Amino acid sequence: MYDSAKKVYSAYGVDTEKALAALAEIPVSVHCWQGDDVKGFDGDGDLSGGIQTTGNYPGSARNFEELKADLKKAFSLMPGKKRLNVHACYAVLNGEKVDRDAYLPKHFAPWVAFAKEEGLDGIDFNPTMFSHKNMKDGLSLSSPDEKIRNFWIKHCIACLKIAEYFADETGTPCVVNIWIPDGYKDVPADRLTPRLRLKDSLDKILACGYDKKKVIVAVESKVFGIGIESYTVGSNEFYQNYAAKNGICCLLDNGHYHPLEYVSDKIPALLAFYDTVALHVTRGVRWDSDHVVLVEDELKEIAKEIVRNGATQKVKIALDYFDASINRLSALITGQRAMQKALLYALLCNHDELKALQDNADFTALMVKQEEYKMLPFGAVWAEYLSRQGLKEDYLSEVREYERGVLKTRK
Ligand code: RNT
Ligand code: ZN
């Protein structure tokens, strides 16, 4: 089937071998937090910050060893180049009394060992500014309380140091994504001052003197959260301007915009100005619901913008969703494979030809060709990609076996 698909694509001027080789080189950063419903190891497990997981599927990981084992199993069923995305609340403290403003590289050494064991491409990192007692009135870096702001500034600086350590250990730069849930449920009396405080906090964090070759700092905007419906301090305009003026990077989460705004359209807008654009790929159903990523039209458009603009290394692709209603390993594998499928779909396209049709204003042919691509034997190339990596389309049976043998024993 692959040989025949290869011929079909070659008639379109598409080299399937090149596509397969290119796909294997595009890293996707896999988030550890789907494994335990964003609970982490350093708190009481109560998720705050206006994000939520729903469902109580059995077998959620309860500690580092369990999460590591689950991720190991999940990684074994994922094709392609993988990175690990860790949140600071997943520090492995082994009973040590240390707060988030004093986390050190050693608290993440077990994650480095794991990444090395798994042969991962690298580790990305996130300060955790939610689910903590110092989220005063739901605010962190924009809090009117200077002590609170300073705590979180110190936390972010600690995270930058840890990120340098990840980069040193893995040999690839670490993306540090700053997301805060700060905002207000109802009509604020002052929209500017909280943003000025956030700006000042970010300035102080960036002034710590981190190594820009090793650490890529990104800022993630958001339009609203649960209980933060009326105003978020870290809005899109705020962060895009902050990033542009301070030489850092924007992170686009495709659940964080109004439903008719598309991240696929924002990627090329930012590529016109930035060397690096970070992504959180999620699936919002009616709102920022963080459903498991599936192969959908918008995911394919996102992948096309990455591939046809030669940005497979400039765009830092990371997954970000959390579904507690289904098997969590399956959620991870399904989303990671969906991202890879969308990238492969985008790679199996003669973009030069389509771009020429656009430039020649032949919109009739452009429409017809784009429809033709949808019916080409994509599945046969995907199957070949999997089989060359010793994988099959079916991952569910192995996930089920793991569920019976491991997850069901967790009470
Ligand atoms: C929340 C943001 C943020 C989180 C993770 C856990 O809306 O998307 O990226 O999902 O940091
Ligand atoms: Zn996100």
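In listed order, ligands and their atoms are each counted from 1. Heads up: numbering here begins at 1 and tracks the sequence. As the structure is a computational prediction, the values presented were derived from the model and not from experiment.
- Among all protein heavy atoms, the one lying closest to atom 9 (O) of ligand 1 is Glu220 OE1, 2.7 Å.
- The shell of residues lying under 4.0 angstrom from ligand 1, judged by heavy atoms, excludes Tyr321.
- Taking any N or O of His256, backbone or side chain, at least one lies under 3.5 Å from an N or O belonging to ligand 1.
- Per residue Asp320, closest N, O or S atom to the Zn ion (ligand 2): atom name OD2.
- Aromatic ring centres of Phe64 and Trp111 lie closer together than 6.0 Å.
- Ion pairing of Lys39 with Asp37 is present here, as a side-chain N (NZ or NE/NH1/NH2) and a carboxylate O approach within less than 4.0 Å.
- Between Asp290 and ligand 1, no N or O atom pair is found at a separation short of 3.5 Å.
- Annotation: cation-pi geometry not satisfied between Lys68 and Phe114 (NZ/CZ under 6.0 angstrom from ring centroid, within 45° of ring axis).
- Ligand 1 lies out of reach of Asn126, whose nearest heavy atom is not under 4.0 Å from it.
- Separation of the Phe125 and Phe166 ring centroids falls under the 6.0 Å cut-off.
- Ring centroid separation for the pair His256 and Tyr239 does not come in under the 6.0 Å cut-off.
- At a heavy-atom distance under 4.0 Å, no atom of Thr128 approaches ligand 1.
- Among all protein heavy atoms, the one lying closest to atom 7 (O) of ligand 1 is Lys222 NZ, 2.6 Å.
- Remark: minimum distance from atom 4 (C) of ligand 1 to any protein heavy atom is reached at Asp320 OD2, 3.6 Å.
- Close N/O approach between Trp179 and ligand 1 is not found [any backbone or side-chain N/O within under 3.5 Å].
- A centroid separation of less than 6.0 Å is found between the aromatic rings of His87 and Phe130.
- Between Trp33 and ligand 1, no pair of N/O atoms sits closer than 3.5 Å.
- Atoms of ligand 1 lying under 4.0 Å from any heavy atom of Ile51, numbered from 1 in the order shown and given with element: 1 (C), 7 (O).
- Partner of Asp70 under the salt bridge (charged side-chain N to carboxylate O under 4.0 Å, His left out) criterion, chosen from Arg62, Arg328, Arg410: Arg410.
- By the 4.0 Å N-to-carboxylate-O rule, Lys199 lies too far from Asp203 to be salt-bridged with it.
- In summary, the atoms of ligand 1 found under 4.0 Å from a heavy atom of Phe322, numbered by their order in the structure, are 10 (O).
- Between Leu77 and Leu391, the shortest heavy-atom contact is CA-CD2, 3.9 Å.
- The distance criterion of under 3.5 Å between nitrogen or oxygen atoms is met by His87 with respect to ligand 1.
- Looking at His31 against ligand 1, nothing comes within 4.0 Å, counting heavy atoms.
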